[in-house]
Enquirer: 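For reference, the structure I am asking about is given below.
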Number of protein chains: 2
Amino acid sequence: MEFKHQATVTLAEVAEAAGVGESTVSRVLRNHGSFSGKTRDRVMAAVERLGYVPNRIAGTLASTASRLVAFVIPSLSNIVFPDVLRGASAVLEENRYQAVFSVTDYDPGKEEALAAAMLAWRPAAVMLAGYEHTEGTVKMLRASGCRIVELLDLDGDALDLAVGFSNRAAGRESAAFLLKRGYRRIGYVGHDLNRDTRASKRFSAFCETLGAHDAPLADREILSGASSVENGRLGLERLLARTPDLDAVYFSNDDMALGGYFHCLARGIAIPSQLAIFGYNGLDIGRATPQPLSTIRTPRVATGQVAAQLVITNAPSQVVDLGFELIEGATA
Amino acid sequence: MEFKHQATVTLAEVAEAAGVGESTVSRVLRNHGSFSGKTRDRVMAAVERLGYVPNRIAGTLASTASRLVAFVIPSLSNIVFPDVLRGASAVLEENRYQAVFSVTDYDPGKEEALAAAMLAWRPAAVMLAGYEHTEGTVKMLRASGCRIVELLDLDGDALDLAVGFSNRAAGRESAAFLLKRGYRRIGYVGHDLNRDTRASKRFSAFCETLGAHDAPLADREILSGASSVENGRLGLERLLARTPDLDAVYFSNDDMALGGYFHCLARGIAIPSQLAIFGYNGLDIGRATPQPLSTIRTPRVATGQVAAQLVITNAPSQVVDLGFELIEGATA
DNA sequence: AAAGAAAATGGCAGCGCTGCCATTATTGGC
DNA sequence: GCCAATAATGGCAGCGCTGCCATTTTCTTT
């Protein structure tokens, strides 16, 4: 049997088979413009019979109105981004939009290259993480004329749309919470801050708040790799080896915090009496640990949903603050 | 200032500006066919000057050779799929392919609808989870002529390409391991099996193996929701309430197993002496718990990488078994 | 230096669809 | 029943690019 690469049934063939004009088929399939019920049935029957699948490449080119939404995200390992994609894709799918994505590994240069690659698909919108982009990226995005959505960060100036919350506020509230609880010897365990600028914003706001209350950060341990449970464990171990008299530790992420939590469990360090632990993100797993993790829950899925909604409705430029929620938990 | 929706610079304008023909610009940009160095410089200068971004929609339509790869995945909450996407997207990006995706929520009907929607983009390949698809989906995919890749399951008949490992073998080896360790009163805690057919394959192979060794499954607790830490905790609690004399529990997933682990920690149940715990997936977090989780590590990222590679090289139909690794851990 | 081969280049017809406009069938009002 | 609206419908020119083919230029070779 011969291999046929594309059994391409075209709209013209459907029109032919249904005995109507091409425009009529197009109108029926998009349910746009007027046509009689009889015609609709004839067309649908032909579509069914021939197994016609519309070609959206051709449709997009002809109409110049794209229903592609491009995501340029730093990572898929960090649960944040799958969550955002999840929220967005649900909304996009309902509206017959299509999500495309690529992963930058937190590399601004790669972000620029990938953003360029995405623009080649003439998307309706490009969604990016945060505000820090290269000059080239910004210029390109601006020139493209498509909607730009910056996600999960509000501490800066938006190019067009922005959805998320203030990382600085999150850092500030985390510090305020620990201070309120009476902790004074506070340390930090974090992952590579140069790459993750949002974590860095939280951290600096955290430190400023501590400083403003005469309880400056006692020590910090910054690991070079990505955020992970193992790095959190290792980071806390190192931090305590150097500065054993800490009474609380702020982690860059819940992953890291869980690592710290496990370290304490393994070493018999009492939580929170001997050492308090505070995380960031509000992962589900943090709610199921023997002691629920004290952390900040971020609206990750909602960020994706709202961002998608704004794009679909072609909303005017704006910044949407979805806030976050401080979870008191039992570890701090 | 006036709002310009698309500052569309076309290839023709670049050609004009560079004083060459359209085909020449096309050749230079794709680095395909022959052209002089001087011409290349002139073209690139014009591209730079005008800020030209090629239109891949038009390019794809004209060439009928697509560099889109479509992923139709059940979920983004289950870490498995982001991991597969991660592996695949790295390889795809290197080869100037573009990933598009949509999420079925483990609903075969939705899978069919989304697969149809994806085919409208005329992708080079469609990647799906496992072998269970509706008749309509299969027919449609077959008719499309694009490559089909079924991921993370080898227990069944592949439509075209398949990459992953045997879930039945995973279930079997998990059972064999527990039996070898001397456990005889073995229970199971799982999430909704109707939806996740791969988990169901593991479970049935697990039970068969136990049965073959005269240690049939003692009890099971199946939760209706998705796999989660909280469900694992809850499931174990219920299971033990009903059947307290179990000596080991097999979980449908590491998430669930961690929930069970936390339950034991909270209740002071000694692991593994009093109760052994065995998971599935080999999440990183399971390595950082005070006692490393006994589990099976699955090649999630590699599955994505290999799948992408096969598509890019247009490999002949085949089934690639990447195997899995049993991690002894300390919980069983 | 002429002839032949090879390298560069340009022209243009589509890819399959949509949007616009022109045309033809229906409908309702009096 | 006649005419103006209105509803249905068809034709066809692009959308921006690539692939093919024809043509021109440049290099070898004898």
Side-chain angles (χ1 to χ4, degrees), chain A residues 5-44 46-47 50-68 96 119-124 144-145, chain B residues 5-44 46-47 50-68 96 119-124 144-145:
Chain A
H5 189 60
Q6 296 280 40
T8 315
V9 180
T10 67
L11 184 141
E13 296 176 61
V14 175
E16 167 90 72
V20 300
E22 295 182 32
S23 345
T24 303
V25 177
S26 176
R27 275 187 290 257
V28 170
L29 288 175
R30 284 178 298 153
N31 193 30
H32 174 277
S34 60
F35 46 83
S36 68
K38 195 176 47 176
T39 308
R40 188 195 53 233
D41 296 343
R42 286 243 301 281
V43 169
M44 293 317 278
V47 164
L50 302 180
Y52 172 67
V53 177
N55 184 333
R56 291 190 76 177
I57 297 279
T60 304
L61 179 62
S63 72
T64 64
S66 166
R67 280 184 182 249
L68 281 174
R96 310 197 330 122
L119 287 178
W121 291 102
R122 298 295 188 267
S144 77
Chain B
H5 190 59
Q6 295 280 41
T8 316
V9 180
T10 67
L11 184 140
E13 297 176 61
V14 174
E16 167 91 72
V20 302
E22 294 182 33
S23 343
T24 302
V25 176
S26 177
R27 274 186 291 257
V28 170
L29 288 174
R30 284 179 298 153
N31 192 30
H32 173 279
S34 60
F35 46 84
S36 68
K38 194 176 49 178
T39 308
R40 188 195 54 233
D41 295 344
R42 287 244 301 280
V43 169
M44 293 315 280
V47 164
L50 301 179
Y52 172 68
V53 177
N55 184 333
R56 289 189 76 175
I57 297 278
T60 304
L61 180 62
S63 72
T64 65
S66 166
R67 280 184 182 247
L68 282 174
R96 309 196 332 121
L119 287 178
W121 292 102
R122 299 293 187 269
S144 76

Enquirer: Could you pick out which residue, A:Ala65 or B:Gly21, lies toward the 5' side of DNA chain C when each is mapped onto its nearest nucleotide?
Expert: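 The 5'-side residue here is B:Gly21.
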Enquirer: Considering only side-chain heavy atoms of B:Glu22, which listed nucleotide, D:dG19, C:dT18, D:dC17, is closest?
Expert: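 Nearest to the side-chain atoms of B:Glu22, counting from C-beta on, is D:dC17.
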Enquirer: Check the distance between C:dA8's C1' and B:Asn31's CG and give it to me in whole angstrom.
Expert: 15 Å
Enquirer: Output the single nucleotide from D:dG11, C:dG11, C:dG16 whose closest atom is nearest the side chain of A:Ser23.
Expert: D:dG11
Enquirer: Report yes if a side-chain nitrogen or oxygen of B:Thr10 is closer than 4.0 Å to either non-bridging phosphate oxygen (OP1 or OP2) of D:dG16; otherwise report no.
Expert: no
Enquirer: Please report the distance, rounded to the nearest Å, between CG in A:Asn55 and P in C:dG16.
Expert: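 Interatomic distance, CG of A:Asn55 to P of C:dG16: 7 Å.
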Enquirer: Do A:Leu29 and A:Tyr52 touch side chain to side chain, with heavy atoms closer than 4.5 Å?
Expert: yes
Enquirer: Taking the side chain of A:Phe35 as heavy atoms from C-beta outward, which of C:dT9, D:dC15, D:dT9 is closest to it?
Expert: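 Ranking C:dT9, D:dC15, D:dT9 by closest atom to the A:Phe35 side chain puts D:dT9 first.
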Enquirer: Quick check against the 3.5 Å criterion: does A:Arg42 have a side-chain atom that pairs as donor or acceptor with the backbone of A:Ala18?
Expert: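 Yes; at least one donor-acceptor contact below 3.5 Å.
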Enquirer: Of all heavy-atom pairs between B:Leu50 and B:Val14, which one has the smallest distance, and what is that distance?
Expert: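 Heavy atoms only, the tightest pair is CD1-CA, 4.0 Å.
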Enquirer: Look at the side chain of A:Arg122 and the base of D:dG16, then say whether one donor and one acceptor between them are separated by less than 3.5 Å.
Expert: no
Enquirer: Check this for me: does the side-chain of A:Ser63 come within 3.5 Å of the base of C:dG19 through a donor and an acceptor?
Expert: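 No such pair is found, so the answer is no.
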Enquirer: Of the nucleotides C:dC17, C:dA8, D:dG16, which has the atom closest to the B:Ser34 side chain?
Expert: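 The closest nucleotide is C:dA8.
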Enquirer: With distance as the sole criterion, do the side chain of A:Arg27 and the base of D:dG10 form a donor-acceptor contact below 3.5 Å?
Expert: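 In this structure, the two groups form a donor-acceptor pair.
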Enquirer: Is the phosphate of C:dT9, meaning OP1 or OP2, less than 4.0 Å from a side-chain N or O of B:Thr39?
Expert: yes
Enquirer: So, does B:Ser63 use its side chain to make a donor-acceptor pair with the main chain of B:Gly59 at under 3.5 Å?
Expert: yes
Enquirer: Write down the distance between CZ (B:Arg56) and C1' (D:dC15), rounded to a whole number of angstrom.
Expert: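 Answer to the nearest Å: 18 Å.
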Enquirer: Output yes when at least one side-chain N/O atom of B:Thr64 is less than 4.0 Å from OP1 or OP2 of C:dC15, else no.
Expert: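 Negative; the distance criterion is not met.
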Enquirer: Looking only at N and O atoms, is any donor in the side chain of A:Thr8 or the base of C:dG16 less than 3.5 Å from an acceptor on the other one?
Expert: no
Enquirer: Hey, does the side chain of A:Thr24 come within less than 4.0 Å of D:dG10's phosphate (OP1/OP2), counting only N and O?
Expert: yes
Enquirer: Could you give the CG-to-P distance, from A:Leu11 to D:dC12, as a whole number of Å?
Expert: 16 Å
Enquirer: Could you tell me how far apart A:His32 (NE2) and C:dC20 (C1') are, to the nearest whole angstrom?
Expert: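 One finds 12 Å between C1' of C:dC20 and NE2 of A:His32, rounded.
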Enquirer: Would you mind telling me which residue lines up with the more 5' stretch of DNA chain D, B:Ala58 or B:Arg30, judged by nearest nucleotide?
Expert: B:Ala58
